[in-house]
Amino acid sequence: MRLLRFAAVRLAGMLLVLLVVTLISYLVFFLLPADPARLACGRPCSPEGLANARLFMGVDVPWYQQFWNFLYGIVAGRTFGTGAAAITCAAPCLGYSFQDNVDVLTLIGERVEVSFSVAIGAAVLWLIIGVGLGVLSALKRGSAVDRITMAGAIAGVSMPAYLAGILGITVFAFWLDVVPKGGYTPIAENPLDWAWHLVLPWFVLAFLHAALYARLTRGQMLETLGEDYIRTARAKGLPEKKVIGKHALRNVLLPVITLLGIDLGSLLAGTVITERIFGMAGVGKLLVDATAQLNLPVLLGVTLFSAFLITFANFLVDLCYGALDPRARLL
Amino acid sequence: MKSKATAVLAITMVLAGCGANSGSTGGDVAKGGDLRLLDDKTTYQADPAKSQSLVVTGLSLIHRRLTSWDVAPGKTTTIVPDLATDTGKASDGGKTWTFTLKDDQKYNDGTVIKSADIKWGLERSYSPTFATGLAYHKDLLDASNAYKGPFEGTELSSIETPDDKTIVFKLTRPYGDFNWVASTPAFAPVPKGKGTEANYGEKPLASGPYQIDSYKRGVEAKLTRNPNWDAASDPSRKAYPDTITYVLGQQTGVISKRLIDDSGDDKNAFGTSFASPAQLAQIQRNENAKKRLVTSKGGALAYLALNTERGKLADPKVRKAFQYAVDKASYQVASAGGAELAGDVATTLITPGIQGRDQFDLYKAPAAGDPEKAKQLLKEAGAENLELTLVTRSEQGYPEKAQSIQAGLARAGIKVTLKTLEEEAYYAETINAANPTFDLDLTSWQPDIPSANGNIQPLFQSSEIGGGRYNSSRYRNPEVDRLITEAQSTVDPVEAGKKWAAVDKRILEDSPVVPLIYTRNSFLHGSKVGNVVIGDYPSYVDYRVFGLTK
């Protein structure tokens, strides 16, 4: 019952956050000096043609009305234009991309698999590497392992994602020619090929992220190992494996999970640079392309989608917290 | 500032002394194979109404139009028939144009192409759902701009189809270039009644040598042969490859890496976007890749538009000073490292390869300009110490090019502040705004049809100011407006050409823009791609003749 109430309250909170995000995005887009109808008008574009394009795209009305139409479309769907060539966008309509001839939800839906494949694989990899190395360096504090790990971590944290991607593809795909130069195979089509195309993006992202996790784990572990309850656990004769693995690691994982929640949420919504460099049609690439083409419906749709994932991931993190730390059990 | 100069210098040194492969590269081709087009765009579609594709590029693989272009290096581009038996017959002083379709032309599904289908395709282009394509026909066929397409039950009365072969256009005014307009995408046939769905372009009925076999958004489009294409009636399309694959959504840097690397499938590949200055420098360092770089002889006119409505720029004498103040040589360096890959210095508005072009130079000066003469002109006009704003785009190397203009003008005492904007914000400021606040606009223009009309009318007629149209110098001259209308209504191409050349000169006498260079484009292809040809106009590779070597 308490869990249900908790979930309901969080859900309402999530909806409010999404609404605010949508409103802010709408305002930002509306303040842009550009006219989305210009792209739908052809060349040369007559004033009448431009007016027709505005009417057709529904951008001929004030922003608050457009915003209302957008919200209404999510519930009831929308129609653009009239007659036999009218475009219908069924509910829940997150907008329609006139440049891709498809509604935004379908566009995102087609690309979710790519982004999830990239993000989840990379996250698993960096959790294992990051937490593992972090624990190791904490236990062997001051050793060569510790120093090398932390030096590597600094490189990973400070390297721009674009550089890591280009370096990765140049070395492993072009020079050594051991991985594909880009592209994506759906997992249902050929799981081996799927993994084969993803190996490099996974490692590039893991390299960039594992660093932070290793540092975080190391610091947290060192702090935790100095706590009274660890001394108590050791004093009562628990094997070191259990002290570290069960008592200490639990505490260490709390901030790691929080970080993972945020990282994964934003990553699922688009591993922008990775997808661009490796030519994978994921949500991140969709966002970049939409920005370049000023495709406002897609920008808005992807922004909403990302906001949803981030809030949802945080919700899951809160649930996990309870499981890891009895003190944080839900109210 | 300093590091930028060093970078430009470094590129110059790399490129210095390197010859460009002008016009064509690649060996002899044979029928067959899979040609791969590496494209940075994510969307592929072949809807004639929605397309702004030139006759020589992608859309022509799928669709034929009424007329087409004969394109070759070293030759003025001429008009040739495509689906029509000739290039159109003008009557009524150029107000009525009649075309007849060739016999037995079919779509890929076997149905016969009728004149009513051409009419339907054009009507479709007026529907807001499909209105994104080239629109040079629109006001010629509907003066009121009130027609909104056939899907609400009304026809366009200006197009008549007395029988299945004949199509008659009753224009709103005499128009000598209408046969050129008939080569734009909307003049491709769409079976009457079809094409109501917004994504028709993903699986259209094809009249060209290929049809779309499969399309995966953001990933690839696969083109296979159209079994009903009539090769004998279509000499301009060679259709060598058996299949053509568009590989979509590729990052341009990676495309260029893949093509330089030239391994596996990439040997059969062509990069559809032109090589950037950084990529050119990389290619020039690689002997093997250098052979596979093809560069156009000319191309889009790069120019500096002077906002004739702003302050001292309203005075033609002040504007003339800019012709001497700019440094076109350093503009070439900033564009592509040097003249060889950047393009020749421009002194006219009409670009090379266009019928009727007259090469002249009203403001003779060295390529680096004549800042002293500029200073003197400014002094005479009482416009010393000018402080101006230059807008340009933040992509495609424009910021570097703008810096070269800034430095050039500074020599004549003109102080320029640069304002670089994202593409759409840039258009909003330069061509949409009712009262823009910029003084100078650095941009370029390539006509959509190989007629001087396409060079001049969209940029200099007073009807083309604001509202998304391209006269960004906001140039108004009733005499020029009249001369443009006269040249447009001249049917005889030679006579029309002379009139356009005169308009070119007349406009430059007022100096609303400074022509900079005829921008060359360079494209890179894999080692097995042959017949990679760029004519004098347009500065794009002719997709119709591509092939793979054995």
Side-chain angles (χ1 to χ4, degrees), chain A residues 32-50 52-57 80-87 96-102 106-107 110-111 114 166 169-170 173-174 177 181-184 275-282 285-286 289 291-294, chain B residues 41-43 45 47 50 52 124-125 127-136 138-139 144-146 148-149 151-153 195-199 201-202 216-219 247-251 253-254 257-258 261 263 266 421-425 427-429 431-433 448 458 464 467-470:
Chain A
L32 284 180
D35 184 353
R38 197 189 71 82
L39 289 169
C41 179
R43 186 173 69 229
C45 169
S46 67
E48 294 85 358
L50 197 62
N52 280 343
R54 285 206 184 104
L55 178 72
F56 167 68
M57 295 172 82
F80 299 93
T82 50
I87 292 167
Y96 186 87
S97 169
F98 296 97
Q99 289 164 33
D100 303 283
N101 311 316
V102 69
T106 309
L107 208 53
E110 284 175 353
R111 289 158 172 262
V114 174
I166 282 285
I169 200 169
T170 305
F174 285 100
D177 203 7
K181 295 186 179 79
Y184 176 82
E275 288 174 13
R276 244 174 90 73
I277 291 175
F278 296 98
M280 297 178 151
K285 197 158 174 310
L286 185 64
D289 295 336
T291 312
Q293 301 161 347
L294 202 83
Chain B
K41 286 192 295 296
T42 43
T43 305
Q45 56 104 19
D47 189 322
K50 294 177 88 162
Q52 297 190 355
R124 251 183 111 243
S125 72
S127 161
T129 309
F130 305 105
T132 58
L134 287 184
Y136 292 96
K138 285 191 183 167
D139 73 318
S144 63
N145 283 311
K148 285 174 90 172
F151 302 106
E152 300 177 48
T196 53
E197 61 283 14
N199 63 349
E202 292 171 14
K216 212 169 156 210
R217 211 184 340 270
V219 182
V247 186
L248 303 172
Q250 301 296 303
Q251 214 242 340
V254 176
K257 259 182 179 309
R258 283 172 68 162
D261 197 49
S263 66
D266 293 337
L421 300 169
E422 294 292 323
E423 181 169 355
E424 283 307 314
Y427 284 127
E429 168 69 3
I431 64 175
N432 277 17
D448 291 303
E464 304 303 302
R469 282 158 296 174
Y470 294 90

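We use all heavy atoms of the structure for the numbers below, so side chains are in, but hydrogens, waters and symmetry mates are not. The chains referred to below are lettered A, B, ... by the order of the sequence lines, with proteins before strands, and numbering in each begins at 1.
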Worksheet entry | L421(B) portion near chain A, given a 4.5 angstrom heavy-atom threshold | neither
Worksheet item: Would you call P47(A) and R469(B) a side-chain contact if the rule is heavy atoms closer than 4.5 Å?
Response: yes
Worksheet item: What part of E429(B) gets closer than 4.5 Å to chain A, counting heavy atoms only: side chain, backbone, both or neither?
Response: neither
Discussion item. Can you tell me which portion of E197(B) sits under 4.5 Å from chain A's heavy atoms? Options are side chain, backbone, both or neither.
Written reply: neither
Worksheet item: Would you call K181(A) and S263(B) a side-chain contact if the rule is heavy atoms closer than 4.5 Å?
Response: yes
Fill in: Most chain B-contacting option - heavy-atom pairs closer than 4.5 Å, from T291(A), T82(A), I87(A)
T82(A)
Discussion item. As an exercise: rank G279(A), S46(A), G83(A), A40(A) by heavy-atom pairs under 4.5 Å with chain B and give me the winner.
Written reply: A40(A)
Worksheet item: Does any heavy atom of chain A fall under 4.5 Å from the side chain of D261(B), the backbone, both, or neither of them?
Response: side chain
Fill in: Part of Y427(B) lying under 4.5 Å from any heavy atom of chain A
side chain
Worksheet item: Which pair of non-hydrogen atoms, one from V219(B) and one from A281(A), has the smallest distance, and what is that distance?
Response: CG2-CB, 4.1 Å
Worksheet entry | Salt-bridge contact R217(B)-D100(A) (side-chain N to carboxylate O under 4.0 Å) | no
Worksheet entry | side chain to side chain contact (heavy atoms under 4.5 Å, CB included) assessment of V102(A) paired with E202(B) | CA-CA 11 Å; V102(A) 69; E202(B) 292 171 14; 5.9 Å; no
Worksheet entry | Which atom of V254(B) lies closest to which atom of I169(A), heavy atoms considered | CG1-CD1, 4.3 Å
Fill in: Interchain contact, N432(B) with chain A, by part (heavy-atom threshold 4.5 Å)
side chain
Worksheet item: Do you know which of E275(A), R276(A), K285(A) makes side-chain contact (heavy atoms from CB on, under 4.5 Å) with Q251(B)?
Response: R276(A)
Discussion item. Which atoms of L286(A) are under 4.5 Å from chain B, going by heavy atoms: the side chain, the backbone, both sets, or neither?
Written reply: neither
Worksheet item: Partners of D266(B) by salt bridge (Lys or Arg N to Asp or Glu O under 4.0 Å), sequence neighbours excluded?
Response: R258(B)
Response to the item:
Honestly, the part of F80(A) sitting under 4.5 Å from a heavy atom of chain B is neither
Item to complete: Would you please name every residue forming a ring-ring contact (aromatic ring centres under 6.0 Å, His included) with Y470(B), sequence neighbours left out?
Response: W445(B)
Worksheet, complete the sentence: Ranking A53(A), C41(A), G81(A) by heavy-atom pairs under 4.5 Å to chain B gives rank one to C41(A)
